[in-house]
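Working notes, structure below.
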Amino acid sequence: MNVKIAPSILASDFSEVGKTVQKLQESGADYVHCDVMDGNFVPPITFGDQMVGAIRPHTSLPLDCHLMVTSPETRVQAFVKAGADIITVHVEACADLVKTLRAIRASGVKAGAVLNPATPVEAIFPAVREADMLLVMSVVPGWGGQKFIPASLQKIARLRAYCIEAGRADADIEVDGGITEDNVKEVIAAGANVIVAGSTVFRAADMAATIRRLRG
């Protein structure tokens, strides 16, 4: 599968977010990853659907909206209206994960399911036939700049194997947290094909070259 790079704007300068997403597009990014945190599901508060709506006119890249929020099913329509192309929700936050994923897809956007580091990989298996994307968190969600959790590689590999067994070899497996040029090849070899990178991209002297190298 083609490897796609989804830089997280959590690591960017929010005061220039319009220019930032334009630069990401010029630099060859595939998605813009939007980390939405509500101060409840995770302690920090970042931004919501209004920020996504403000970003939308500045890029034609798909907006990959990762909802780290409680009761995400109540927020779906707001993000759809704001211009999200992909909405991912946490296994741990959904009362009925499959129902939420179906509602997202019925709204005309792609749906994704997210798994926290402490949650067994089997918890996401019911979502495999309903989701366009499966996201493995390789750090504890809430803050950028954390180190990659090595055990995530086993989760990625197990999830990719299960997707193949379930007839969903086409499913995207996204990985978010602590990915650098030093470990990205291992992540891709394990079965991931969508790479979220924040600090690695935004601290780079040459953003376009870094994005190319992250593709492996």
Side-chain angles (χ1 to χ4, degrees), residues 6-18 20-21 24 31-59 61-120 123-124 126-127 130-146 149 152 174-179 194 196-199 202:
S8 170
I9 58 168
L10 181 63
S12 71
D13 180 351
F14 283 5
S15 70
E16 296 191 343
V17 70
T20 295
V21 296
L24 288 176
Y31 299 146
V32 175
H33 190 79
C34 303
D35 286 306
V36 178
M37 306 181 196
D38 66 355
N40 192 352
F41 182 71
V42 291
I45 298 173
T46 53
F47 53 81
D49 57 284
Q50 289 183 331
M51 173 77 96
V52 172
I55 291 169
R56 180 73 282 170
H58 294 279
T59 181
L61 290 177
L63 300 183
D64 172 19
C65 296
H66 174 193
L67 304 191
M68 288 172 267
V69 303
T70 56
S71 304
E73 65 278 1
T74 66
R75 318 288 182 94
V76 168
Q77 290 306 316
F79 282 91
V80 170
K81 290 177 182 177
D85 297 281
I86 307 165
I87 297 176
T88 55
V89 295
H90 275 259
V91 171
E92 305 84 2
C94 291
D96 188 330
L97 177 61
V98 168
K99 183 178 180 180
T100 302
L101 294 172
R102 288 174 176 168
I104 293 170
R105 296 181 80 180
S107 298
V109 302
K110 291 185 176 181
V114 193
L115 189 72
N116 277 344
T119 305
I124 206 170
E130 303 293 339
D132 301 288
M133 181 181 288
L134 302 158
L135 170 53
V136 174
M137 291 300 300
S138 46
V139 298
V140 177
W143 295 271
Q146 298 181 63
I149 297 172
S152 304
E174 184 173 41
V175 182
D176 182 358
I179 298 180
V194 182
V196 178
S199 302
F202 286 102

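Hydrogens, waters and symmetry mates play no part in the numbers below; they use all other heavy atoms, side chains included.
Between S8 and S199 there is no side-chain heavy-atom pair separated by less than 4.5 Å. Looking at heavy atoms from C-beta onward, L10 lies in side-chain contact with M37 at the 4.5 angstrom threshold. Looking only at side-chain heavy atoms (C-beta outward), F202 and T20 come within less than 4.5 Å of each other. The closest side-chain heavy-atom distance from V175 to S152 is not below 4.5 Å. Inter-residue side-chain proximity for F47 and V36 is flagged as met; some heavy-atom pair is nearer than 4.5 Å.
Checking side-chain atoms of D176 against main-chain N and O of M137 turns up no donor-acceptor pair under 3.5 Å.
Contact between A93 and V69 at its shortest, heavy atoms only, is CB-O, 3.4 Å. For the residue pair A54 and P57, the shortest heavy atom distance occurs at O-CD, 3.3 Å. Between I55 and C34, the shortest heavy-atom distance links the atoms CD1-SG, 4.4 Å. Counting all heavy atoms, side chain and backbone alike, V89 lies closest to P72 at CG1-CB, 3.6 Å.
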Item to check | Test log, rule side chain to side chain contact (heavy atoms under 4.5 Å, CB included), inputs L24 and T59 | outcome: CA-CA 9 Å; L24 288 176; T59 181; over 6 Å; no

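Partners of E130 by salt bridge (Lys or Arg N to Asp or Glu O under 4.0 Å), not counting sequence neighbours, listed by chain and number: R102. A search for salt bridge (Lys or Arg N to Asp or Glu O under 4.0 Å) contacts involving D38 returns nothing, not counting sequence neighbours.
Aromatic ring orientation, H66 versus H33: tilted (interplanar angle from 30° to 60°).
Exactly one residue among V139, V136, I149 makes a side chain to side chain contact (heavy atoms under 4.5 Å, CB included) with P117. That residue is I149.
Within the structure, no pair that satisfies the side-chain hydrogen bond (donor to acceptor under 3.5 Å, both in side chains) test touches residues 41-55, not counting sequence neighbours.
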